[in-house]
Amino acid sequence: MSKRVILGLSGGVDSSVAAVLLKEQGYEVIGLFMKNWDEADENGVCTAEEDARDAGRVADRLGIPFYTVNFEKEYWDRVFQYFLGEYKNGRTPNPDVMCNQEIKFNAFLEYALKLDSDYIAMGHYAQVEERNGKYCLLRGADAAKDQSYFLSRIGQKALSRAIFPIGHLKKQEVREIARRYELETAGKKDSTGVCFIGERNFNRFLDQFLRAEPGEMKTVEGVTVGRHTGLIHYTLGQRKGIGLGGIGNGRPWFVAGKDLARNVLYVAQGEDHPALYSKELTGTDMVWISEEEPELPLQCTAKFRYRQQDIPVIVTKEAGKYRISYPTVPVRGVTPGQAAVLYQAEVCLGSCLIEATVGVDESYVFLQGR
RNA sequence: UGGGCAUUAGCCAAGCGGUAAGGCACAGGACUUUGACUCCUGCAUUCACUGGUUCAAAUCCAGUAUGCCCAG
């Protein structure tokens, strides 16, 4: 009796090829399309419908059963509310990290288990490996597409059931397989934007849910240089949308901080401005994928944003809060709300959520008054 | 109402008689399952205005307008 796998079929190439590979490996594969957001984009296009159709076609071609499941309520309650709450607090959340933690590797997993599934599978570029009785999450083999960052907050229960069929492949190889099997998704462009919500004009999207309060824009030196359209529209390290040109030394401006209480946006000029760099951060809500805290202090590497290059860090813990320091490699634009994901070589150890940072130049501490 | 200086794209700015640098901003695209960053491309048939000199003017001359400075 072959093992049953419920695969998240999104209608993209990656999960399509995952289906192919699972079948080749002899699993009983069931395709499940998740519908978690019910709304057309600003052009009136509902990408979800098209994706569902593509997913269904792939399932047909491969001769696997195909169903749709609706997690709109779960997504709204557990991901979207968090997402809005973070913005309200002046932070920049990462909804897709939460989506994996709460939906794909929780709600979806529970659903699959109820259907007597042995495993769940996803088309992520990441790998699972059992080592000494623990399930480890490894980076995807294609460094350019590695998605372990987004999976850094799932635990042993989910990992013990998870299969990432394409995790050992390069994107190019995935596309080749899709072409060989003549899947309609073979040439489909990679999807971007918030998972399930899609590509949007971000500020307009946020404005539908949150009130943007315009206010003063000041340099970190304290000079008022303009107005901002609402603190929720900016993230630390951001360059586009500040609108300052021709003043100062002529170099570009970047968002350096937010003062929520005074509704002030702080900006700094020049990509090397010290106010933009931090050397340490504190984090909360740590999730260790092994579900066992390693011995601290821990030397490892970390990413503070998706696709950021790994940097060497030291992790310590004081009074329940984690401190991640990187004195040798100052990082620009480390932003509260984002996940600080820890790695030891290819193994993803887990992540915490960035709470605050310590700047390279301590005289800019006021930037923490967000 | 004497003198001096300035006026180049949204902003800053090069140019000093040979047919409009550059930067910032902005727009579009690439990259990207957050949001950024980054990268690529585009962006003054025209130099405050009107005349004149010249084969040729943003560049020289005259006048006008506006702004700044020094004297009154």
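Chain A is the first sequence line, chain B the second, and so forth, proteins listed ahead of strands; every chain is numbered from 1.
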Check the distance between [N]'s [atom2] and [X]'s [atom1] and give it to me in whole angstrom.
| X | N | atom1 | atom2 | answer |
| --- | --- | --- | --- | --- |
| A/Asp146 | B/U33 | CG | C1' | 13 Å |
| A/Arg251 | B/G22 | CZ | C1' | 15 Å |
| A/Asn201 | B/G28 | CG | C1' | 15 Å |
| A/Tyr75 | B/U34 | OH | P | 11 Å |
| A/Lys303 | B/U33 | NZ | P | 12 Å |
| A/Leu244 | B/G23 | CG | C1' | 14 Å |
| A/Lys145 | B/C31 | NZ | P | 9 Å |
| A/Phe304 | B/U34 | CZ | C1' | 17 Å |

Is RNA chain B part of any stem, that is, at least 3 consecutive Watson-Crick or G-U pairs with both distances under 3.5 Å, and where?
B:2-7 with B:65-70, B:10-12 with B:22-24, B:26-30 with B:38-42, B:48-52 with B:60-64
If I compare all heavy atoms of [X] with all of [Y], which pair ends up nearest, and what's the gap?
| X | Y | value |
| --- | --- | --- |
| A/Lys170 | A/Ala141 | CE-O, 4.1 Å |
| A/Lys218 | A/Glu216 | CE-OE1, 3.6 Å |
| A/Tyr364 | A/Pro274 | CE1-CG, 4.3 Å |
| A/Ile120 | A/Phe105 | CD1-CD2, 3.9 Å |

Integer angstrom distance from the [atom1] of [N] to that of [M]:
| N | M | atom1 | result |
| --- | --- | --- | --- |
| B/G15 | B/A58 | C1' | 8 Å |
| B/A44 | B/A25 | C1' | 16 Å |
| B/G2 | B/A9 | C1' | 36 Å |
| B/C16 | B/C60 | P | 10 Å |
| B/G22 | B/U41 | P | 12 Å |
| B/U38 | B/G23 | P | 14 Å |
| B/C12 | B/U7 | P | 12 Å |
| B/G4 | B/A57 | P | 28 Å |

More 5' along RNA chain B: A/His124 or A/Ile242, using each one's nearest nucleotide?
A/Ile242
Nearest-nucleotide wise, let me know which of A/Asn249 and A/Phe150 is further upstream toward the 5' end of RNA chain B.
A/Asn249
Using side-chain contact (heavy atoms from CB on, under 4.5 Å), reason through A/Thr235 and A/Val255 one step at a time and then give a plain yes or no.
CA-CA 7 Å; A/Thr235 187; A/Val255 173; over 6 Å; no
Would one find a side-chain N or O of A/Lys189 under 4.0 angstrom from OP1 or OP2 of B/C31?
yes
Give a yes/no on whether any side-chain N or O of A/Lys104 is located under 4.0 angstrom from OP1 or OP2 of B/U33.
no
[X] vs [Y] side-chain heavy atoms within contact, under 4.5 Å:
| X | Y | result |
| --- | --- | --- |
| A/Glu355 | A/Arg91 | yes |
| A/Gln101 | A/Val287 | yes |
| A/Leu298 | A/Gln344 | yes |

Just by distance, with hydrogens left out, do [X] and [Y] show a side-chain donor and acceptor under 3.5 Å apart?
| X | Y | result |
| --- | --- | --- |
| A/Tyr111 | A/Ser117 | no |
| A/Tyr181 | A/Ser16 | no |
| A/Ser351 | A/Arg153 | yes |

The side-chain contact (heavy atoms from CB on, under 4.5 Å) partner of A/Leu281 among A/Val334, A/Val313, A/Val331, A/Thr335 is A/Val334
Are any of the side-chain nitrogens in A/Arg4 or A/Asp118 under 4.0 Å away from the carboxylate oxygens of its partner?
no
For nucleotides 36-40 of chain B, print each protein N/O atom paired with a nucleotide N/O atom at under 3.5 Å, atom names and distance only.
residue, atom, partner, partner atom, Å
B/A36, O2', A/Gln238, N, 3.2
B/C37, OP1, A/Arg239, N, 3.1
B/C37, OP1, A/Lys240, N, 2.7
B/C37, O3', A/Arg332, NH2, 3.4
B/C37, O2', A/Arg332, NH2, 2.6
B/U38, OP1, A/Arg239, NH1, 3.3

N/O to N/O distances under 3.5 Å, protein versus nucleotides 12-15 of chain B:
residue, atom, partner, partner atom, Å
B/C12, O4', A/Gly246, O, 3.0

Within the structure shown, what part of the strands sits under 4.0 Å from A/Gly333 by heavy-atom distance: base, sugar-phosphate, or nothing?
nothing
